[in-house]
Amino acid sequence: MVKTKLIDGFPFVNYNKETFLAQETLKRSRDFYEWMNLRRTVRDFSDKPVPKGVIENIILTASTAPSGAHKQPWTFCVVNDPVIKKQIRTEAEKEEFESYNGRMPAEWLNDLRPLQTDWRKEFLETAPYLIVAFKRSYEPETKSDGNRQILHKHQNYYVTESCGIACGFLLAAIHHAGLVALTHTPSPMNFLSKVLERPENEKPFLLIPVGYPAEECWVPDLKRKNLHEISVWY
Ligand SMILES: Cc1cc2nc3c(=O)[nH]c(=O)nc-3n(C[C@H](O)[C@H](O)[C@H](O)COP(=O)(O)O)c2cc1C
């Protein structure tokens, strides 16, 4: 039974979070880590279709993320249309060709060598869905000023942080559904605003192909940092 009350006129609900004994908490945290540790960025996709409802649930999960002042400053554009996927691939490959052939400094190119990535982005057409996350820097509102209607840019807060967390949730949801994803950033990404005809208040954040892994799928044998390398305890 959910209890409700008003605080300064605003509705609150009683939050009953399920908790566990210490041993069970430890086991659950370990199990979750081990399962998340199986997530990999995949670049070899199958074209096997994914039910639309799965993508809807994944996006709803992303949108459960915390956000500055609960503005949820994100739009997830879902591309399944092969014509638009091809357009995105063409534009991404144009930018990536420039990046790999002069725009990226030698150090960056060297850091990418273990991943064996290049300017070719076949997966942008193979993966059944491309989820393009846009960050919304403000919400356009019309306000009346006497007889005139004026556009007010209602700012969102901590937009990059909020979208980063939401995309983290999105990737976890994709992993949980048994699917794979690639976090892709063909730089600069402005072409995505044009291809998808997004409004001025939205800026492309991440381009995430989603689907099943190809029958033969290879990922770089990367090692993750251990706890001592990533944490400092006081
Ligand atoms: C912000 C961000 C941008 C990335 N951009 C690209 C990209 O443009 N192309 C690509 O192949 N991988 C990209 N990646 C994927 C990383 O290369 C990958 O996460 C990293 O190598 C670790 O591999 P793992 O995800 O399998 O642990 C990106 C990842 C992040 C978080």
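Just follow the structure's listing: the first ligand is 1, and inside any ligand the first atom is 1.
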Q) For ligand 1, does V219 get within less than 4.0 Å through its side chain, its backbone, both, or neither, judged by non-hydrogen atoms? A) neither
Q: Assign the ring pair H184 / F123 to parallel, tilted or perpendicular, where the plane angle (0 to 90°) is split at 30° and 60°.
A: perpendicular
Q: Give the numbers and elements of all ligand 1 atoms closer than 4.0 Å to a heavy atom of L115.
A: 17 (O), 21 (O)
Q | Distance flag, aromatic centroids of H152 and Y138, threshold under 6.0 Å | A | no
Q | Salt bridge flag under 4.0 Å for residues E24 and K27 | A | no
**Q.** Closest approach of any protein heavy atom to atom 9 (N) of ligand 1, naming residue and atom
**A.** H184 ND1, 3.5 Å
**Q.** R224 neighbourhood, listing ligand 1 atoms whose heavy-atom distance to it stays under 4.0 Å
**A.** 24 (P), 27 (O)
Q: Tell me which one of N37, T41, L206 gets a heavy atom nearest to atom 25 (O) of ligand 1.
A: T41
Q: Could you say whether the N/O atoms of E96 and ligand 1 ever approach to under 3.5 Å?
A: no
Q: Identify whether the distance between the nearest side-chain nitrogen and carboxylate oxygen of E202 and R198 falls below 4.0 Å.
A: yes
Q | SB check E93 R120 (cutoff 4.0 Å) | A | no
Q) What is the nearest protein non-hydrogen atom to atom 12 (N) of ligand 1, stated with its residue, atom name and distance? A) R43 NH2, 3.2 Å
Q) If you count the atoms of ligand 1 from 1 in the order shown, which ones are under 4.0 Å from a heavy atom of L182? A) 10 (C), 11 (O), 12 (N)
(Q) With side-chain contact (heavy atoms from CB on, under 4.5 Å) as the test, pick out the partner of I58 among L60, T61, V54. (A) V54
Q) In terms of atom number and element, which parts of ligand 1 are under 4.0 angstrom from non-hydrogen atoms of L222? A) 21 (O), 22 (C), 23 (O)
Q. By number and element, which atoms of ligand 1 are closer than 4.0 Å to a non-hydrogen atom of R40?
A. 24 (P), 26 (O), 27 (O)
Q: For atom 28 (C) of ligand 1, find the nearest protein heavy atom and state the residue, atom name and distance (0.1 Å precision).
A: T183 O, 3.1 Å
(Q) If the threshold is 4.0 Å, N to carboxylate O, is there a salt bridge linking E125 and R89? (A) yes
Q) Relative to ligand 1, is T117 under 4.0 angstrom through side chain, backbone, both or neither, heavy atoms considered? A) side chain
Q. If we ignore angles and hydrogens, is there a donor and acceptor under 3.5 Å between the side chains of Y157 and S67?
A. no
Q: Note the single closest protein heavy atom to atom 5 (N) of ligand 1, along with its residue, its atom name and the distance in Å.
A: T185 OG1, 2.8 Å
